[in-house]
Structure formats: structure tokens, C-alpha cells
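Reviewing the structure listed below.
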Amino acid sequence: MQLYSIASGSSGNCIYAGDDGRGFLVDAGISLKRIREGLGDQGLSLDNMDGILITHEHSDHIAGLAALLRKYPLPVYATADTIEKIWEKCNMNNISPELFHSIRSGEGFEVSDYHITPFPISHDAADPVCYTLRKNEKKVGIATDMGIYDDMVIENLGDCDAVLLEANHDINLLQVGPYPYSLKMRILGDRGHLSNTASAGLIREIIHKGLKTVILGHLSEQNNFPELAFNTVSYEMESCESFKQYGTRLLVADRRMPSAPVAC
């Protein structure tokens, strides 16, 4: 199994989860061109995808979906409310509704050799979820766009071998930055996004011997930058003996460019 971030940030998200031949895209919030190029860099192809897992209907997660489906009619998995919003927001001309498969948050399902579990998150979308994917004895998780984390999030991520986890913003940068007050309150609220510090708190909750890699993702372009996210989380984890003992690796996904794949 591997996690491969083609792009992860407030301007667009697309993550590959699978093996070196077949797997899934989690979200399609960037252009078809960038998705194809990103997959091609690792010898992967949309022709070999088993499907697309959509977390929610915000544009940075679905902007490239319609164009992708016109060229590559892959099955799409999302909650019923998310599917409805996609059809409202996107130009879905010449796309068959039969490509869309409704899933239920908290109920796992099987596709090919993968067991996929969507789990609920606190975010200002219709019915948002994050995902874990398990194949054989390996499990990866993708968890972004959460205002808060709860026991359900911890339970689902608690036995992963690798996780891509939101570290959206630095609280101080956000508070003094140019965003209007209402947007700042949305981001900081329970249905907004995890800060660097909150991300470190979640890592403390899910750390275990088998967690080899944590990738910090979905960084804000205005209110964070990679070095700050990495240094903040690293500092917060200095007092976590388990993190040091297990040798868990900490990485940061690029907002706009593919990042090196992580194998587990």
C-alpha cells in the first residue's frame, strides 16, 4: 500500500491510495491534466483506477471531477447528500448518473481487494466523510477538513500504517491575516479546519507502533507554510515519548505539486 499526494491544500486536493498498479483517487479537486501527470510520474494511470472516493462537495475537492469522468468513466463513491450537491454544483453533461455509488458514513464496503471505511467528520458540508483503506494487513487513512476530531476519528485512524492528516493553519497567522472576520471564525470553528497544533493533538491520540508515517496536508496558502507546519507539529511531539520511541516519520505534502509517495 502507498499514499501519494498529487496535491493537498486549500487550492486543490487529490490523493492516490493503493499499490503500485491499481488503487483509488481520494478527491479530484485539481485539473485532469495535473491528475494524469501526477499519476504518470509514478507509473500510474487513470485507466487502472478502481474508483474515486469523494470526501465532500467543496470545489477544492471536486473541481476536476466532471472533466475526469467524461474521459474516464470511473465509479465514484460518496454519501448521498454529497452526490446530490455534486450534481447541483458541477456541469455533469454527458456523465452517467450510474457512475455514482451512494455510501453511508460509518459503513465499510469492499471494492476489489480493498476494504474502505468512510467515517463522519465535523465540517461545513452536506455529509462529509474521510476514508481509510485496508488491503491485506496494511491500512492507510486520509483525514482532512475537520473543525474538530472526536472518538470516531481517533478510532478509525488508530491502527493505520500511514496517515495524511490536516494541518490547515497557524492560529496566529490566521488571526492577524487578511481574511474577513466571518471567514476566520468559520475556519476556527467546530466545522472548519484543524490547526497545526490541533493536528499534533490528534497525532498524539492515534500514535502506535505501526504508524510509520504522518503526512501533514491541506495547508492553507494564506495562513500556513510547510516549514511552520512541520516545526510546530515537531515541537508539539517532542514531549510525546511514543512518537519518538516508534520513530514515526513526519512529512508535509505540497499544496500544488506531487509529493514523494509513502509506502507501508
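Along the sequence shown, residues are numbered consecutively beginning with 1.
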**Request:** Not counting sequence neighbours, list each pair that qualifies as a side-chain hydrogen bond (donor to acceptor under 3.5 Å, both in side chains) and has a residue in residues 128-139.
**Result:** Asp19-Lys135, Arg134-Asp159, Lys139-Asp159

**Prompt:** Salt-bridged, Asp50 to Arg22, with N to O below 4.0 Å?
**Reply:** yes

When you compare the side chain of [Y] with that of [X], does any pair of heavy atoms fall below 4.5 Å?
| X | Y | value |
| --- | --- | --- |
| Val26 | Ile52 | no |
| Leu250 | Met237 | no |
| Tyr4 | Pro258 | yes |
| Leu3 | Tyr16 | no |
| Thr79 | Pro118 | no |
| Leu46 | Leu25 | yes |
| Val153 | Met146 | yes |
| Ile215 | Leu165 | no |

**Prompt:** Do Phe24 and Tyr114 have their ring centres less than 6.0 Å from each other?
**Reply:** yes

**Message:** Using the ring centroid of each side chain, check whether His61 and His218 are separated by less than 6.0 Å.
**Reply:** yes

With no hydrogens and no angle check, is any side-chain donor or acceptor of [X] less than 3.5 Å from a backbone partner on [Y]?
| X | Y | value |
| --- | --- | --- |
| His58 | Asp124 | yes |
| Ser195 | Ile171 | no |
| Ser234 | Phe230 | yes |

If you look only at distance, which donor and acceptor atoms sit under 3.5 Å apart when one is on a side chain in residues 28-38 and the other is two or more places apart or in another chain?
from  : atom 1 : to     : atom 2 : distance (Å)
Ser31 : OG     : Arg34  : N      : 3.1
Lys33 : NZ     : Glu37  : OE2    : 2.7
Arg34 : NH2    : Arg256 : O      : 2.6
Arg36 : NH1    : Tyr72  : OH     : 3.3

**Asked** Do you see a donor-acceptor pair shorter than 3.5 Å between the side chains of Ser5 and Arg255?
**Response** no

**Prompt:** Between Asn172 and Asp170, do the side chains contain an N or O donor and an N or O acceptor separated by less than 3.5 Å?
**Reply:** no

**Asked** Asn13 and side-chain hydrogen bond (donor to acceptor under 3.5 Å, both in side chains): which partner among Asp60, Thr55, Asp27?
**Response** Asp60

**Complete:** The side-chain contact (heavy atoms from CB on, under 4.5 Å) partner of Leu74 among Asp47, Leu68, Leu65, Leu99 is Leu68

